[in-house]
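The next block holds one structure in the form of structure tokens; read it before the comments.
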Amino acid sequence: MLDVVIAVIITLIVTAFIVYFITTAYHKKVTEAKIGNADEKAREIIDEAVKAAETKKREAAIEAKEESIRVKNDLDKEVKERRAELSRSERRIVQKEENLDKKLESIEKREAGFAAKEEEINKQKAQVAKLNEERIQELERISGLTSEQAKEYLLKTVEEDVKLDTAKMIKEMENRAKEEADKKAKEYVVTAIQKCAADHVAETTISVVQLPNDEMKGRIIGREGRNIRTLETMTGVDLIIDDTPEAVILSGFDPIRREVARIALEKLIVDGRIHPARIEEMVEKAQKEVETMIREEGEAATLEVGVHGIHPELVKLLGRMRFRTSYGQNALKHSIEVAQLSGLLAAEIGVDVRTAKRAGLLHDIGKSVDREMEGSHIQIGVDLCKKYKESSIVLNAVESHHGDVEPQSLIACIVQAADTISAARPGARRETLETYSNRLKQLEDITNGFKGVDKSFAIQAGREIRVMVVPEQVSDADMVLLARDISKQIEAELEYPGQIKVNVIRESRVTDYAK
């Protein structure tokens with residue numbers, strides 16, 4: 001049995017080997033057949049590619065030959081065209097040369113003719129000169145005068161006739177020019193006035209503050225009058241509390257002080273707390289508010305006139321003129337009007353309008369501080385303009401607008417005319433108010449000149465001068481002598497109706513803070 005199994009196994013193994021070899025041989029034969037087919041296809045593909053390449057090569061060669069033939073034809077055509085153009089150009093050049101030759105021959109003929117004519121003219125000139133000389137000799141023989149003497153006599157006669165005619169003509173032209181100038185000047189002035197028809201309101205020396213009720217008058221006066229005294233002392237303005245219903249009158253010749261007092265009093269009325277410390281605080285706030293108002297008024301004036309580039313300090317001084325009057329006319333409004341009139345007149349006669357407006361706006365700038373500085377407002381204005389680098393034209397306009405010096409430009413003359421036009425309008429100014437303001441200013445100037453005086457206020461329409469002294473420099477005993485000296489100097493230097501009360505105030509104050 002075992003032998004049979006072994007025999008079967010051996011048979012299976014031998015069969016397996018035989019099957020493997022047969023299968024391997026079959027696959028090899030199949031693979032070789034496939035490889036042979038692939039090689040044959042590859043050779044076919046290569047042969048086709050070679051044939052296609054040769055075909056492309058032949059086509060490219062044919063196209064190249066065709067392109068070369070076409071280019072050659074184009075070149076031949078262009079060469080023919082250029083040769084034809086050259087031929088035409090040569091023919092034109094030859095024709096021009098022939099024309100030039102003909103022109104040269106014609107010119108030569110003309111030159112020959114001119115030479116002959118010139119020779120003939122020279123002969124004629126010589127003959128004319130000879131005849132003229134003979135004529136002069138004959139005239140000299142007949143007249144008994146030489147040519148020089150005759151010429152001098154003739155010139156003298158003609159000169160006298162010309163002088164007479166010239167004098168008549170000049171006189172007629174001067175009269176006509178004066179008539180035209182007067183007519184034009186009137187037209188310019190009338191046109192300028194029509195275009196600048198500003199309102200004029202005479203300034204006053206009082207302000208009225210409305211009260212919510214009459215009980216407020218007692219609070220403003222305060223216990224034993226301490227509130228009203230403090231307000232008057234701090235502002236230098238006289239408060240008039242009378243029977244006028246629900247109103248307090250502020251009287252003072254300085255509009256800035258009056259405005260500070262008005263603002264402070266209105267703030268106190270609104271606040272309701274009225275006592276000396278609060279009054280001092282409100283007065284300080286009002287002073288700062290007025291300073292801001294002054295700056296804004298100056299800036300508004302420059303914008304209204306259209307003048308730019310003015311120094312900020314000059315702008316601030318312009319704003320101060322809002323509170324300055326001249327014969328009752330507001331100085332800032334007057335300056336704005338003069339600037340507008342100057343610009344209109346400058347436009348009419350064809351000079352620089354901006355410079356004319358600038359000079360007109362600044363012509364009275366000295367009035368903003370003339371109550372604080374020595375000298376006329378003209379000299380003060382010139383010094384201020386020099387200090388803040390204004391041009392020489394503006395300086396001359398400021399200096400000459402009242403005729404103190406000669407104007408050196410048309411703009412100075414224009415400003416002078418505009419200032420006269422603005423000041424001469426009916427109702428523009430009032431002489432009495434200016435006289436009154438000057439008297440009060442002189443009153444304060446006298447008292448401020450004494451040693452130890454801190455500040456002084458003319459109140460009660462000039463019937464009282466209130467003098468604040470420095471307590472460290474003036475004692476109580478010195479106050480009596482100071483009041484007497486001030487009274488004597490006022491009597492010697494001022495003319496005034498009635499009497500003036502001199503009130504000297506010495507106050508010592510010590511301040512400390514609890515921390």
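Between H275 and T230, every side-chain heavy-atom pair lies at or beyond the 4.5 Å cut-off. Residues I310 and L361 are in side-chain contact: their nearest non-hydrogen atoms beyond the backbone lie under 4.5 Å apart. Taking the side chain as every heavy atom from C-beta outward, E304 and Q340 approach each other to under 4.5 Å. For the pair I414 and I349, the minimum side-chain heavy-atom distance is below 4.5 Å. Under the 4.5 Å side-chain criterion, counting only non-hydrogen atoms from C-beta, R70 is not in contact with E66. Put simply, the side chain of L268 does not reach to within 4.5 Å of the side chain of R219, judged on heavy atoms. Residues L303 and H308 have side chains in contact (heavy-atom distance under 4.5 Å, counting atoms from C-beta outward). Annotation: side chain of M216 is in contact with side chain of I274 (closest heavy-atom distance under 4.5 Å).
Comment: K333 does not engage E337 in a salt bridge, judged by the lack of any side-chain N to carboxylate O separation of less than 4.0 angstrom. Using a 4.0 Å cut-off between charged nitrogen and carboxylate oxygen, E105 and K102 do not count as a salt-bridge pair. Using a 4.0 Å cut-off between charged nitrogen and carboxylate oxygen, D383 and K387 do not count as a salt-bridge pair. Of the charged side-chain nitrogens involved, none lies within less than 4.0 Å of a carboxylate oxygen, so that R295 and E291 do not count as a salt-bridged pair.
Between the side chain of N73 and the backbone N or O of I69 there is at least one donor-acceptor pair closer than 3.5 Å. Side chain of Q416 to backbone of S400: a donor-acceptor contact under 3.5 angstrom is found. At least one donor-acceptor pair under 3.5 Å links the side chain of N122 to the backbone N or O of E118. Side chain of K357 to backbone of V305: a donor-acceptor contact under 3.5 angstrom is found.
Shown here is E406, whose CD atom has no more than 12 heavy atoms of other residues, nucleotides or ligands within 6.0 Å. By the neighbour-count criterion of 12 heavy atoms within 6.0 Å, atom CG of L410 is sparsely surrounded, having that number or fewer from other residues, nucleotides or ligands. Shown here is E119, whose CD atom has no more than 12 heavy atoms of other residues, nucleotides or ligands within 6.0 Å.
Taking both residues in full, the closest heavy atoms of V283 and T235 are given as CG2-CG2, 3.9 Å, listed atom of the first, atom of the second, then distance. Residue A301 comes nearest to L332 through the heavy atom pair CB-CD1, 3.9 Å, listed as atom of the first residue, atom of the second, then distance. Annotation for C385 and L395: closest pair CB-CD2, 3.3 Å, computed over non-hydrogen atoms. Here the closest non-hydrogen pair linking E259 and V290 is CG-CG2, 4.0 Å. Nearest heavy-atom pair across A346 and D352 is CB-O, 4.1 Å. Minimum heavy-atom separation, A418 to V338: CB-O, 3.7 Å.
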What's the verdict on salt bridge (charged side-chain N to carboxylate O under 4.0 Å, His left out) for K285 and E281, showing C-alpha distance, side-chain angles and the deciding distance?
CA-CA 6 Å; K285 288 183 178 180; E281 181 182 348; 3.6 Å; yes
Exercise for review: Please report the C-alpha distance between R262 and E266 in whole Å, then the side-chain angles of each, then the deciding distance to 0.1 Å, and finally whether the salt bridge (charged side-chain N to carboxylate O under 4.0 Å, His left out) criterion is met.
Suggested key: CA-CA 6 Å; R262 185 188 66 79; E266 288 180 351; 2.9 Å; yes
**OP:** Could you go through the salt bridge (charged side-chain N to carboxylate O under 4.0 Å, His left out) check for E44 and K41 one step at a time?
**Re:** CA-CA 5 Å; E44 292 176 357; K41 287 182 179 180; over 6 Å; no
Run the side chain to side chain contact (heavy atoms under 4.5 Å, CB included) test on D364 and H377 for me, step by step, so that the C-alpha distance in whole Å, both residues' side-chain angles and the decisive distance to 0.1 Å come before the verdict.
CA-CA 7 Å; D364 269 348; H377 77 277; 3.2 Å; yes
field: Criterion side chain to side chain contact (heavy atoms under 4.5 Å, CB included) on L318 and M321, from CA distance to verdict
entry: CA-CA 5 Å; L318 280 174; M321 292 171 66; 4.0 Å; yes
- Item | Step-by-step salt bridge (charged side-chain N to carboxylate O under 4.0 Å, His left out) determination, K51 to D47 | CA-CA 6 Å; K51 291 178 180 179; D47 292 339; over 6 Å; no
Self-check item: Derivation and outcome, side chain to side chain contact (heavy atoms under 4.5 Å, CB included), residues I220 and L211
Solution: CA-CA 10 Å; I220 292 172; L211 303 179; 3.8 Å; yes
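Interatomic distance, K367 NZ to I378 CD1, rounded to the nearest 0.5 Å: 9.0 Å. Here the CE atom belonging to M282 is positioned 12.5 Å from the CE atom belonging to M234, to the nearest 0.5 angstrom. In this structure, CD1 on I411 lies 5.0 Å from CD1 on I393, to the nearest 0.5 angstrom. Of the inter-residue distances, the one linking L362 atom CG with T302 atom OG1 reads 10.0 Å to the nearest 0.5 angstrom. Note that CZ of R278 and CG of L231 are 13.5 Å apart. Values are rounded to the nearest 0.5 Å. Within the model, atoms CG of D419 and OG of S342 stand 8.5 Å from one another, a figure rounded to the nearest 0.5 Å.
Residues forming a side-chain hydrogen bond (donor to acceptor under 3.5 Å, both in side chains) with E390 (at least two apart in sequence, or on another chain): R358. When the side-chain hydrogen bond (donor to acceptor under 3.5 Å, both in side chains) test is applied to E289, the partners found at least two apart in sequence or on another chain are K267.
Note: Y388 and H311 have tilted aromatic rings, judged against thresholds of 30 and 60 degrees for the angle between ring planes.
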Only pairs under 3.5 Å count here: list side-chain donor-acceptor contacts from residues 87-99, not counting sequence neighbours, and write none if there are none.
| residue | atom | partner | partner atom | Å |
| --- | --- | --- | --- | --- |
| S87 | OG | R83 | O | 2.9 |
| R88 | NH2 | E85 | OE1 | 2.4 |
| S89 | OG | E85 | O | 3.1 |
| S89 | OG | R92 | NH2 | 3.3 |
| N99 | ND2 | Q95 | O | 3.3 |

